[in-house]
Amino acid sequence: MVAAIAEQPSSRLLKHIIRCYLRLSDNPRACDALRSCLPDMLRDATFSTCLREDQTTRRWLQQLLHNVGVSRVPTLQAGAGFDHMLVS
């Protein structure tokens, strides 16, 4: 589903998907599983255009990445936020 959104962007569907992953990350066993199976497109700047106008979803994605301990986005660890992914 995430790959399909990358091809045909839908901010509304992306919001629901991120929220589902975020809720899954509340469960310790699911969070462990997400460390290895969270789609790379949620870890990089693939959806920066969709997230540009939606601060809530951006915050949810940032929290999701924090919960699963993503180390691929160094500015998130430093607490700088998600703005590095929002290049115009």
Side-chain angles (χ1 to χ4, degrees):
M1 186 59 70
V2 174
I5 294 175
E7 292 177 19
Q8 294 181 345
S10 168
S11 297
R12 185 173 178 210
L13 184 55
L14 179 62
K15 182 176 192 162
H16 291 294
I17 289 171
I18 290 172
R19 184 68 179 149
C20 287
Y21 276 121
L22 181 59
R23 290 298 313 262
L24 281 171
S25 74
D26 290 340
N27 179 291
R29 288 186 65 206
C31 192
D32 287 342
L34 287 173
R35 285 187 184 93
S36 62
C37 69
L38 188 69
D40 286 337
M41 288 178 263
L42 292 177
R43 300 172 190 245
D44 59 24
T46 300
F47 298 111
S48 61
T49 303
C50 290
L51 297 173
R52 182 173 288 127
E53 300 298 320
D54 191 345
Q55 184 176 0
T56 301
T57 305
R58 233 182 12 217
R59 198 175 14 192
W60 288 347
L61 181 55
Q62 182 180 5
Q63 183 63 47
L64 169 63
L65 296 175
H66 173 78
N67 289 357
V68 297
V70 172
S71 60
R72 294 176 61 181
V73 186
T75 56
L76 289 177
Q77 290 179 342
F82 210 61
D83 294 336
H84 69 286
M85 295 176 78
L86 302 175
V87 178
S88 299

What is the distance from atom OG1 of T57 to atom CZ of F47, rounded to the nearest 0.5 Å? 12.0 Å
Measure the CD1-CG distance between I17 and L42 for me, rounded to the nearest 0.5 Å. 8.0 Å
Verdict with reasoning, D26 to N67, per side chain to side chain contact (heavy atoms under 4.5 Å, CB included): CA-CA 8 Å; D26 290 340; N67 289 357; 4.2 Å; yes
Of all residues at least two apart in sequence or in a different chain, which pass the salt bridge (Lys or Arg N to Asp or Glu O under 4.0 Å) check with R59? none
Give the intermediate values and the outcome of side chain to side chain contact (heavy atoms under 4.5 Å, CB included) for residues L38 and L65. CA-CA 9 Å; L38 188 69; L65 296 175; 3.9 Å; yes
Working to the nearest 0.5 Å, report the span between OG of S11 and NE2 of H16. 11.0 Å
Stepwise side chain to side chain contact (heavy atoms under 4.5 Å, CB included) test for L51 and L14: CA-CA 9 Å; L51 297 173; L14 179 62; 4.0 Å; yes
Under a 4.0 Å threshold between the charged nitrogen and the carboxylate oxygen, would R35 count as salt-bridged to D32? yes
At their closest point, which heavy atom of M41 faces which heavy atom of A6, and how far apart are they? SD-CB, 3.5 Å
Measure the OG-CH2 distance between S25 and W60 for me, rounded to the nearest 0.5 Å. 12.5 Å
Least distance between heavy atoms, R52 atom then R58 atom: O-NH1, 3.3 Å
Please lay out, stage by stage, how R12 and K15 fare under the test side chain to side chain contact (heavy atoms under 4.5 Å, CB included). CA-CA 5 Å; R12 185 173 178 210; K15 182 176 192 162; 5.7 Å; no
Gap separating the OH atom of Y21 from the SG atom of C31, nearest 0.5 angstrom: 13.0 Å
Supply the atom-to-atom distance I18 CD1 to L61 CG, rounded to the nearest 0.5 angstrom. 4.5 Å
Which residues satisfy the salt bridge (Lys or Arg N to Asp or Glu O under 4.0 Å) test with R19, sequence neighbours excluded? none
